[in-house]
Amino acid sequence: MIRVAVLAVVLAVFAAQTSALYSPKSAVEILTAKNFKEKVLKSDEPWLVEFYAPWCGHCKNLAPVWEQVAKNVKGLVRIGAIDADAEKSIGTEFSIRGFPTIKYFPPEGKKNPYNKKEKMKEPEEYQGPRSAKAIADFILSKLTTKYITAVSSKNVDSFLNKYPELPKVFLFTN
């Protein structure tokens, strides 16, 4: 009887540890099937979303990197994670075939070809290295516009000399 109770406690602790990779206090926003459309698809902000499974070893390895990315790009892009194993409808909708899968959702959508009104966001799958720097570089490449420019030591002088009358702001990532 005591062995059964001990086994039940061990299983409960193990289940709690594997049920989620991110805590509510995390810099990563926890997404669900209930809030995904409102938070990501209807948002005017860009999102980078990790579709994960809590039992997946690669997902567990990515979790600290994903936390670092969320801290590094805070204010530029929203970083989210959804347990696509538990939220199968979202996984199916976005053709998730393996874990972890990372998709970039741009800030704007395209008009729906059927009703010409509702905007549809077309996510882009990130397939680069799983390092905080590589993911941040990917994000910055998506944000580059006439107002936001990725600057390195190689092009900092041209950046500073272009439009000398305008103020410049630098955001650093590591």
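Sequential numbering from 1 along the given sequence is applied to the chain's residues.
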Does Ser158 offer a backbone N or O that forms a donor-acceptor pair with the side chain of Asn161 under 3.5 Å? no
Please round to the nearest 0.5 Å and tell me the distance separating atom OH of Tyr22 and atom CG of Asp83. 11.0 Å
Donor-acceptor pair, distance only, cut-off 3.5 Å: does the side chain of Trp55 make one with the backbone of Asp85? no
Ser141 side chain to Phe138 main-chain N or O, any donor-acceptor pair under 3.5 Å? yes
Between Arg130 and Pro100, is there a donor-acceptor pair closer than 3.5 Å when you use the side chain of the first and the backbone of the second? yes
Donor-acceptor contact present, side-chain Trp66 to main-chain Gly80, <3.5 Å: yes
Thr32 vs Glu87 side-chain heavy atoms within contact, under 4.5 Å: yes
Can you find a side-chain donor-acceptor pair between Tyr126 and Glu50 that sits under 3.5 Å? no
Under 30°, 30 to 60°, or over 60°: which ring-plane class applies to Phe51 and Phe94, parallel, tilted or perpendicular? tilted
Going by distance alone, is a donor N or O of one side chain under 3.5 Å from an acceptor N or O of the other, for Glu67 and Ser26? yes
Is Lys103 salt-bridged to Glu124, going by a charged N under 4.0 Å from an acidic O? no
Write down the atom of Ser131, the atom of Val65, and the distance for their closest heavy-atom approach. C-CG1, 3.7 Å
Heavy-atom check, side chain of Pro46 versus side chain of Phe105, under 4.5 Å: no
